[in-house]
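What follows is a single structure, and I will ask about it in a moment.
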Amino acid sequence: ARFELRHTSARLQGSVFGATSDAGFSNQSSTFQPGRSELGVRGSAVIDDRTRFIGEAIRSEDKTTGRRIDGLVASFERQFGKSLRAELGYRHGSDSRNDATETNALRTRITYQLPKQPRASVFGEFEQDLAVGDQRRGALGGQYVLFDRLRLYGRHEFLSSFTGPFALNGSERQATTVIGLDAGYTRDGQFFGEYRASDAFSGRQTEAAIGLRNRWNLRRGLVVNTGFERVEVLRGAQGGATALTAGAEYSTSPLWRGTARLEYRIAPNGAGDDFLATLGYARKLDRDWTVLGRALYNTFGDGGKRTRNQLGFAWRQTDRNRWNGLARWENRLERLTPNTVNASVIKSNILSAHLNYQPVNSVWLSGRLAGKWATDQSNGLSTSTRAVLGSVRALYDFLPSWDAGVIGSLLSSNGRQYGVGVEAGRIVVTNMRVAAGYNVFGFKNQDLTSDGATTERGLYLHLGFKFSEDFFKRSPQDRLP
């Protein structure tokens, strides 16, 4: 799960962001690691024409080990003439490891535009801990714009830490070098090449990467995306890899839309070969009904496999707008711990139905009923489980943009579990609602509660978007001749 909220104005820019993943999360295309949780805020404020304030706060946690890093950065940046920009600030960091020390460092950065070279700039950064002399960080780099769409850049950084600048440690050392070429050869195409050298956990390793990204607008309503990246290890224990991606989006018809995507990653000896294919389809049946479908097929180099198939129907009273509902069936297959005698195969089917009723403009009533049937075959045994979930929610709009409500739920699976909570929400922009709530008591079932309100005991944050039949409407000028 991931969220981000941004604000931009003439004098203030900022964002709030967060992400979390389970220990079993595996996605080669994602920059987020499994078993992690992060929450942060960053922004800048203009003080005058030459000065601005920059701030950042972040919390990062490893769910597997329980290790947590908290950090805070505050700096002032000043422009001196047309060529020189300087930054002075403070960094604080803390690491939950028992043998770690806190980081309290002064930091500075200077960026210089080369004389008579408006396309070239260089920069230098340095941080020094106030209490421990061996805890420091430094970086040197620059860029040169060769042509309007071609940029050469480089950066070398040394760091007394293996886990980042918020956890400086005098007993650890890491150095990283990146040299790259970035070319936007067309409006929708980008070519890049990088040389990467790192000195980290697994010893010294150097890599060279070359890649290509394209977006092809073949005609109105038909877009094709392609990508290529090759990473070659020049020195080190790990091997290189090649990644190929292709995707298509079709939205020409006012009645249906489709998407498709293929990803293939090739690694040495086949151990890291991963393949991912997804298909999506949505069609408007009439003014009130829409059918939606999605399929996912994922294989791994070690023999693992994952498939997911979904079929759903959406119903909304277009004229009266009092009732609306959603029904969905999902089939899942996961093969875990492959290529062993004790390989595990998990099969599951999930049925869910949601129904909303709005008797008056200020009152929302909703209900949900879902069931799951699963089979786990591992260690020579086959285990079957069944679960049924029912929940109701009532919301009242007491102000134009504010609402409050209560939630009740019941889970039947080897006994009964109950959940009760309260919630308050606000419409922050059109068709987007942010709410906070608290469950007095509750339960957790990953497959049945992930697409609805949280039922686990404690505080929670809920973010909702509203999509209607307007998703399929097109203005006359958008239609093909």
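Counting begins at 1 with the first residue of the sequence.
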Contact check, side chains of Leu285 and Val291, non-hydrogen atoms, under 4.5 Å: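 Yes, at least one pair of side-chain atoms sits under 4.5 Å.
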
Please check this pair: side chain of Gln317 against backbone of Arg320, looking for a donor-acceptor N/O pair closer than 3.5 Å.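 Side chain of Gln317 to backbone of Arg320: no pair is present.
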
Pairing residues for Tyr281 by the ring-ring contact (aromatic ring centres under 6.0 Å, His included) criterion, not counting sequence neighbours: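 Per chain and number, Tyr281 pairs via ring-ring contact (aromatic ring centres under 6.0 Å, His included) with Trp256.
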
Are side-chain heavy atoms of Val434 and Leu461 found at a separation under 4.5 Å?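 Sidechains of Leu461 and Val434: in contact.
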
Using side-chain contact (heavy atoms from CB on, under 4.5 Å) as the criterion, list what pairs up with Asn298, not counting sequence neighbours.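 With sequence neighbours excluded, Asn298 shows a side-chain contact (heavy atoms from CB on, under 4.5 Å) to Leu276, Leu296, Phe300, Arg306, given in chain and number order.
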
Main chain of Arg287, side chain of Thr318: is a donor-acceptor contact present, judged purely on distance under 3.5 Å?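 Side chain of Thr318 to backbone of Arg287, a donor-acceptor pair under 3.5 Å: yes, one is there.
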
Arg316 and Asn321: side chain donor to acceptor below 3.5 Å: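 Yes - a donor-acceptor pair under 3.5 Å links their side chains.
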
Could you give the distance from CD (Glu4) to CZ (Phe17), rounded to the nearest 0.5 Å?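 Reported to 0.5 Å precision, the distance equals 7.5 Å.
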
Test log, rule side chain to side chain contact (heavy atoms under 4.5 Å, CB included), inputs Val363 and Leu365: CA-CA 7 Å; Val363 176; Leu365 303 175; 4.2 Å; yes

Can you check whether His7 reaches Leu12 side chain to side chain, under 4.5 Å on heavy atoms?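 They are in side-chain contact.
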
Check whether Asp62 reaches the backbone of Thr64 with its side chain - one donor and one acceptor, N or O, closer than 3.5 Å.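 The answer is yes, because a donor-acceptor pair under 3.5 Å joins these two groups.
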
Partner of Thr20 by side-chain hydrogen bond (donor to acceptor under 3.5 Å, both in side chains), out of Arg2, Glu61, Lys63: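 Going through Arg2, Glu61, Lys63 one by one, the side-chain hydrogen bond (donor to acceptor under 3.5 Å, both in side chains) with Thr20 is satisfied by Lys63 alone.
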
Is a side-chain N or O of Asp22 found less than 3.5 angstrom from the main chain of Gly24, in a donor-acceptor match?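 Looks like no, no N/O pair under 3.5 Å.
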
Are Arg332 and Glu334 close enough for a salt bridge, meaning some N to O gap below 4.0 Å?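 No.
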
Under the side chain to side chain contact (heavy atoms under 4.5 Å, CB included) rule, what do Thr245 and Leu262 come out as? Steps first, then yes or no, please. CA-CA 6 Å; Thr245 62; Leu262 300 175; over 6 Å; no

Side chain to side chain contact (heavy atoms under 4.5 Å, CB included) between Leu410 and Gln417: does it pass, once the steps are laid out? CA-CA 6 Å; Leu410 166 66; Gln417 302 179 66; over 6 Å; no

For Asn439 and Gly421, which heavy atoms make the closest approach, and how far apart are they?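 Between these two residues, the closest heavy atoms are OD1-CA, 3.5 Å.
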
Could you measure the distance from the CD1 atom of Ile58 to the CZ atom of Arg42? Nearest 0.5 Å is fine.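 Answer rounded to 0.5 Å: 6.5 Å.
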
Do Gln310 and Arg294 meet the criterion of a side-chain donor-acceptor pair at a distance under 3.5 Å?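 Yes, a side-chain donor-acceptor pair sits under 3.5 Å.
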
Partner residues of Phe313 under the ring-ring contact (aromatic ring centres under 6.0 Å, His included) criterion, sequence neighbours left out: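 ring-ring contact (aromatic ring centres under 6.0 Å, His included) list for Phe313, sorted by chain: empty.
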
Atom OG1 in Thr290, atom NZ in Lys284: separation rounded to 0.5 Å?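 These two atoms lie 4.0 Å from each other.
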
I want to check something: taking the side chain as every heavy atom from C-beta on, are Asp273 and Tyr264 in contact at a cut-off of under 4.5 Å?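 The answer is yes; the side chains approach within 4.5 Å.
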
Gap between atom OH of Tyr250 and atom OG1 of Thr259 - 0.5 Å precision: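 It comes to 14.0 Å.
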
Side chain to side chain contact (heavy atoms under 4.5 Å, CB included) assessment of Tyr418 paired with Leu411: CA-CA 6 Å; Tyr418 300 90; Leu411 177 67; over 6 Å; no

Minimum side-chain heavy-atom gap Leu311-Asn309 below 4.5 Å: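 Contact flag for Leu311/Asn309 side chains = no.
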
Going by atom types only, do Asn356 and Trp323 share a side-chain donor-acceptor pair under 3.5 Å?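 No, because no side-chain N or O of Asn356 sits under 3.5 Å from a partner of the opposite role on Trp323.
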
Going from CZ on Arg261 to OG1 on Thr278, what distance comes out if it is rounded to the nearest 0.5 angstrom?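 Output value for this atom pair is 7.5 Å.
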
Are the side chains of Arg308 and Glu330 in touch, meaning some heavy atoms are under 4.5 Å apart?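 In short, these two side chains touch, coming nearer than 4.5 Å.
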
Side-chain touch Leu326/Trp315, heavy atoms, less than 4.5 angstrom: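 A side-chain contact is absent here, since even the closest heavy-atom pair is not under 4.5 Å.
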
Are Arg59 and Asp70 side-chain neighbours, meaning at least one heavy-atom pair lies under 4.5 Å?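 Counting from C-beta outward, Arg59 and Asp70 do come under 4.5 Å.
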
Main-chain N/O of Gly371 paired with Ser352 side-chain donor or acceptor, under 3.5 Å: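 No: the side chain of Ser352 does not pair with the backbone of Gly371.
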
Strictly distance-based, threshold 3.5 Å: is any side-chain N or O of Ser413 a donor or acceptor partner for the main-chain N or O of Arg386?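 Pair found, side chain donor or acceptor close to backbone of Arg386.
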
Shortest non-hydrogen contact from Leu369 to Gly390?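 What the structure gives for the nearest pair is CD1-CA, 4.4 Å.
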
Is there a donor in the side chain of Ser21 and an acceptor in the side chain of Arg36, or the other way round, less than 3.5 Å apart?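 Side-chain D/A pair, Ser21 to Arg36: absent.
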
Return all side-chain donor-acceptor pairs below 3.5 angstrom for residues 395-403, not counting sequence neighbours, or 'none' if the list is empty.
{"from": "Asp403", "atom 1": "OD1", "to": "Gly425", "atom 2": "N", "distance (Å)": "3.3"}
{"from": "Asp403", "atom 1": "OD1", "to": "Arg433", "atom 2": "NH2", "distance (Å)": "2.9"}
{"from": "Asp403", "atom 1": "OD2", "to": "Arg433", "atom 2": "NE", "distance (Å)": "3.0"}

Please report the C-alpha distance between Tyr460 and Glu423 in whole Å, then the side-chain angles of each, then the deciding distance to 0.1 Å, and finally whether the side-chain hydrogen bond (donor to acceptor under 3.5 Å, both in side chains) criterion is met. CA-CA 9 Å; Tyr460 67 87; Glu423 183 177 289; 2.6 Å; yes

With sequence neighbours excluded, tell me which residues meet ring-ring contact (aromatic ring centres under 6.0 Å, His included) with Tyr297.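 If we apply the ring-ring contact (aromatic ring centres under 6.0 Å, His included) test to Tyr297, skipping adjacent residues, there are no hits.
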
Mind checking what makes side-chain contact (heavy atoms from CB on, under 4.5 Å) contact with Gln377, not counting sequence neighbours?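 If we apply the side-chain contact (heavy atoms from CB on, under 4.5 Å) test to Gln377, skipping adjacent residues, the hits are Val345, Thr375, Ser382.
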
Please step through side-chain hydrogen bond (donor to acceptor under 3.5 Å, both in side chains) for the pair Arg257 and Ser251, ending with a clear verdict. CA-CA 5 Å; Arg257 296 192 176 193; Ser251 58; 4.9 Å; no

Working to the nearest 0.5 angstrom, can you tell me the gap between Glu249 CD and Leu218 CG?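 If I round to the nearest 0.5 Å, the distance is 11.5 Å.
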
